[in-house]
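A, B, ... follow the sequence lines: proteins, then strands. Residue 1 opens every chain. Model, not experiment: these values are computed from the prediction. Excluded from the calculations below are hydrogen atoms, water molecules and symmetry mates; all remaining heavy atoms, backbone and side chain alike, are included.
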Amino acid sequence: MTETNVDKDLLLDIYRRAWLIHQADAKFRAMITTGQLQILYYSPRGQEVVAAAMMAALRPDDYLVTIYRGIHDQLAKGIPLKELWAEFAGKATGTCKGKGGPMHITHPETGVMVTTGIVGSGMPIANGLGLASQLNGDGRVTVCCFGDGASNIGAFHEALNMASVWKLPVIFLCQNNLYGEHTPYAMSTGAERIADRSISYGMKGVRVNGNDAAAMHAVAREAVARARAGEGPTLIEAMTFRFNGHLLGDDSHYIPKAEMEAAKAADPVPALRRTLLETQVSEATLAALEAEITAQVAEAAQFALDSPYPDLRENRIDVLDVEMLDNREIAA
Amino acid sequence: MNAPLKKITFGQAFHMAMDEAMAADERVILLGEDIADGQGGGVYKTTLGLSAKYGDARVRSTPIAEQAIVGAAIGAALVGYRPVAEIMLMNFITVAMDQIVNHAAKLRFMSGGQTSVPITIRTISGAGRGFGGQHSDMLEAWFAHVPGLKIATASNPADAKGLLLSCIEDDNPCIFIENTPTYRTSGPPPEPGYRVPLGKAAVQREGRDISVIGYGRPIADALAVAGKLAEEGISVEVVDLRTIAPFDAETVLNSVAKTGRAVIVHEAVKEFGVGAEISSRIHEELFRDLKAPVARVGSRYAPVPFSPVLEKDWLYSQADIEAAIRKTLG
Ligand SMILES: Cc1ncc(C[n+]2csc(CCOP(=O)(O)OP(=O)(O)O)c2C)c(N)n1
Ligand SMILES: [Mg+2]
């Protein structure tokens, strides 16, 4: 039986993470639409609670592998806001010195090991992190996030099968937002439920309403416990929706109006806020928490704008473990 | 103690390198199809005995899933392991290209140096055994074109051991190519502890008149041709790259600066091959010292054919190397 009784402090923790994502996303979109940032941006708006509830079930030293649509996962995991922002701005102070950019965020200190822009490619790497934890016996868990569309890529099949055979401590978190780019779920996915695909790997699979903080967290906690106990991987299919299309600027013309309206009416962030108010968290407590986070977001954005760009020498560093020669100088 | 071997094969050299690396460093683990003893120690028996010695946890037979194999190696490497992944034949690496090109090669750079991927991918290929179009290709040029990877191959068993050890100990992703037709060819073993430094070519034979530059199997052919031409008083220098990328430009350019003539040889098809890069580099830097245009020898521009007569015609030959040398000498 899944235990859905989640205590107040935990819900508040999930809300703090969700609000941070919500505010960061709002600020990113504002900066992009006003030309302050020129980036490809895949908004996680609508999927906040999936990530917040999942990461609240982890230890700080657990690993995360995620995708281009990933700030919700990274922020919920605890990545520092300023460095994340600076990386999005291509600045020297970014997590990756401006060399990775929005689609390639890495921050090992908070367990953010890989962010990939290649659909479906994170799962094989998550297995390797899991294998390392298994060999070390360190009890760490790896969460690998991806979309519904990614479950149609060959690597998904290869990786889930291997994880099951080797009983790896990996949680495959499919965030099913019902679209892959502009194509609806049913047009691209033969299985009625992605969670059912786990059956063919001999793996535990579960579908959950990812927008329900308590339900999502309960499923996450159970999967984490299974992984830590050495009982193997779990495929979680978290049902959710994205409110800002695939890529910022996409007008969601391919989403039926009624579907979008219904999804927005069930917006998970205000819903969680209402639940908190019902569980005796005061409006004042929430308002104070929100104000603090909103200020942090503003500060991070300013930090990114004020930061310097990387030195051009960076193009010759980190290619291999030694600095490369300047190939233009060689040719000259 | 066993008496030291007088001669070892390439296959034994690869085995010895992995054995030594695993004994020296617990972080070295092996992944690949059928590589554990229970599955026969690999299709070429290269890893036979290692799982008995180091355990099935460190020597893992995997599902037939090249993306998952390379991905698992990458993930474990990100957090401190030194995985050696065996891709049974080089053509099978094609299904793992995303993991190698988009991830192994780039994660160090894209993370701003926060992470690195010290993996070695061992893979095997080479024409001449009737394996046909999908089991014989030499694809090193594809990988050489990707910044962030090192690609190495050895021309003799001693170097094979020293080079594979260097790959496993290196902090970068390395692709180590083994040659099918010469797998059981033998040569003198290296001294204990011998390493071939990555990025360092070796002059395998000194000469004055012309430099033949190559790597892997064609080096033995170049040495044979050099020996034959010496009888006519033609002095051929043979440069063995050992590391294909990034290649040792200094040794190559010094050799050609001395001889003024160069022939580049590889088993892969000539067109768009590694030879084109080396030839360009020589022309860019030594144009005024060259006494003749740089020549290239490679295999024919066609898929590797099956029929023995076709395969023999397809593959580069000692006669091709000799003809290129004579033409370049004028
Ligand atoms: C291998 C690969 N093919 C295609 C793309 C282009 N692409 C980027 S995101 C995307 C849709 C993925 O959908 P889904 O997995 O459901 O994730 P979502 O974007 O909905 O979060 C596509 C096709 C890609 N990045 N990688
Ligand atoms: Mg989707």
Side-chain angles (χ1 to χ4, degrees), chain A residues 63 65 87 92 94-101 103-109 113-118 120-136 140 142 153-155 157-163 165-166 168 310 314-315 317-322 324-325 330-331, chain B residues 26-27 29 31 57-58 60-81 83 85 95-96 98-99 101-119 147-150 170-173 198-199 245-246 249 280-281 284-285:
Chain A
Y63 297 129
V65 174
E87 188 62 29
T95 47
C96 312
K97 299 189 279 183
K99 299 165 81 166
M103 267 192 259
H104 306 299
I105 300 296
T106 299
H107 193 258
E109 273 170 64
M113 299 309 296
V114 177
T115 301
T116 185
I118 309 294
S121 66
M123 301 152 216
I125 300 175
N127 279 350
L129 295 164
L131 174 60
S133 301
Q134 189 182 63
L135 289 169
N136 294 338
R140 281 177 164 159
T142 299
I153 289 242
H157 169 76
E158 290 195 20
L160 268 71
N161 179 62
M162 182 182 275
V165 172
W166 290 356
L168 297 176
E314 286 294 344
N315 271 340
I317 298 171
D318 305 323
V319 178
L320 294 170
D321 60 341
V322 292
M324 300 283 98
L325 297 171
I330 291 168
Chain B
E26 285 197 335
R27 301 170 305 166
I29 57 173
L31 306 167
R58 287 179 70 195
R60 289 187 173 238
S61 287
T62 63
I64 307 159
E66 281 73 14
Q67 300 191 70
I69 293 167
V70 177
I74 293 171
L78 288 174
V79 289
Y81 281 85
V95 299
D98 163 54
Q99 289 297 327
V101 174
N102 289 319
H103 297 88
K106 296 186 173 135
L107 290 179
R108 177 192 285 275
F109 187 88
M110 296 196 308
S111 73
Q114 294 177 99
T115 58
S116 60
V117 186
I119 63 170
L149 298 176
K150 291 186 179 180
D170 196 70
D171 287 336
N172 304 285
L198 292 176
S280 286
R281 191 69 187 276
E284 279 171 353
E285 303 213 24

* Verify, without hydrogens or angle tests, whether Gln114(B) (side chain) and Thr106(A) (backbone) share a donor-acceptor contact under 3.5 angstrom. => yes
* Over all atoms of both residues, closest heavy-atom pair of Met162(A) and Ile69(B) -> CE-N, 3.9 Å
* Checking Asp321(A) against chain B: side chain, backbone, both or neither under 4.5 Å from a heavy atom? -> both
* Mind listing the closest non-hydrogen atom pair of Ala155(A) and Gln67(B) along with its distance? => CB-OE1, 3.4 Å
* By a 4.5 Å heavy-atom criterion (distance strictly below it), what part of Val114(A) contacts chain B: side chain, backbone, both, or neither? -> side chain
* Asked: Trp166(A) and Pro63(B): which non-hydrogen atoms are nearest, and at how many Å?
  -> CZ2-CD, 4.4 Å
* Minimum heavy-atom distance Pro246(B)-Leu320(A), with the two atoms named -> CG-CD1, 3.6 Å
* Which atoms of His107(A) approach chain B - backbone, side chain, both or neither, heavy atom under 4.5 Å -> both
* To do: Could you tell me which portion of Leu168(A) (side chain, backbone, both or neither) has an atom closer than 4.5 angstrom to a non-hydrogen atom of chain B?
  => neither
* To do: Could you tell me which non-hydrogen atom of Ala132(A) sits nearest to which non-hydrogen atom of Ala76(B), and how far apart they are?
  => CB-CA, 4.2 Å
* To do: Identify which part of Leu135(A) has an atom lying under 4.5 Å from any heavy atom of chain B, answering side chain, backbone, both or neither.
  => both
* **Heavy-atom pair with the smallest gap, counting every atom of Arg60(B) and Gln134(A)** => NH2-OE1, 3.3 Å
